[in-house]
Amino acid sequence: MLWALVPAKLGPAVKSRLGAALSPEQRRALAQAMLCDVLAALTSAPALAGVAVVTRDPSVASLATGAGATPIEETHAGGLNDGVAQGIAACRARGASGIVIVMGDLPNLLPSDVERTVAALPERGVVLVPSRDGTGTNVLAARPADLVLPTRFGEGSLA
């Protein structure tokens, strides 16, 4: 049983690299719209048994619930990789045998993209979907779900 996991935040620092072009409110609205697109694609993908969103942000948890996803309250004080680890554990507790970790800022993600990724996932192994620049990781799928722990999301994560 495969679950998708989306680590998400909508705080004041979201999309900070766009700070010169967009106000904090505009950056938040953009990030929220992209997250909604990602959740719509994931909840429409038949290969997934569930979709979870790990976050510290109550507004993200509410958005996740409204989109048909399971919110997981991030309790660790660490960064992205600590949140992903907590999310994987919560998905495993819900019966996930595999995980598809998807970044929340992929507005062009389609359910067919998710299905293609899942179809490529071996019974034991990983599938990596690189970022546009080829250095980061947009999607990391793994079976079993804890195969990739600890994760190393961040700059240069694809390597």
Quick one: are [X] and [Y] in side-chain contact, heavy atoms under 4.5 Å?
X	Y	answer
Val54	Pro7	yes
Leu106	Val139	yes
Leu22	Lys15	no

Using the rule that two of Ile, Leu, Val, Met, Phe, Trp, Tyr join whenever any of their side-chain heavy atoms come within less than 4.5 Å, decide whether [X] and [Y] are in one cluster.
X	Y	value
Leu128	Ile99	yes
Ile72	Met1	yes
Met103	Leu149	yes
Leu18	Met34	yes
Val6	Leu30	no

For [X] and [Y], which heavy atoms make the closest approach, and how far apart are they?
X	Y	answer
Val84	Leu5	O-CD2, 3.6 Å
Val114	Ala45	CG1-CB, 3.7 Å
Ala8	Leu35	CB-CD2, 3.9 Å
Ala141	Leu121	O-CD1, 3.7 Å
Arg94	Ala90	NH1-O, 3.0 Å
Pro122	Val127	CD-CG2, 4.4 Å

How many angstroms lie between atom [atom1] of [X] and atom [atom2] of [Y], to the nearest 0.5 angstrom?
X	Y	atom1	atom2	result
Ser59	Lys9	OG	NZ	13.0 Å
Glu115	Ser44	CD	OG	10.0 Å
Leu158	Arg152	CG	CZ	14.5 Å
Leu48	Thr43	CG	OG1	9.5 Å
Asn108	Asp113	CG	CG	9.0 Å
Arg28	Leu10	CZ	CG	5.0 Å

task = Inspect the surroundings of CZ in Arg92 and state if more than 12 heavy atoms from other residues, nucleotides or ligands are less than 6.0 Å away.
result = no
task = Report the C-alpha distance between Thr151 and Leu80 in whole Å, list the side-chain angles of each, state the deciding distance to 0.1 Å, and finish with yes or no for side-chain contact (heavy atoms from CB on, under 4.5 Å).
result = CA-CA 9 Å; Thr151 57; Leu80 171 61; over 6 Å; no
message = For Gln86, is there any backbone N or O sitting under 3.5 Å from a side-chain donor or acceptor partner on Glu74?
response = no
request  = Using atom types as modelled and distance alone, determine if a side-chain donor or acceptor of Thr55 lies under 3.5 Å from a backbone N or O of Asp57.
outcome  = yes
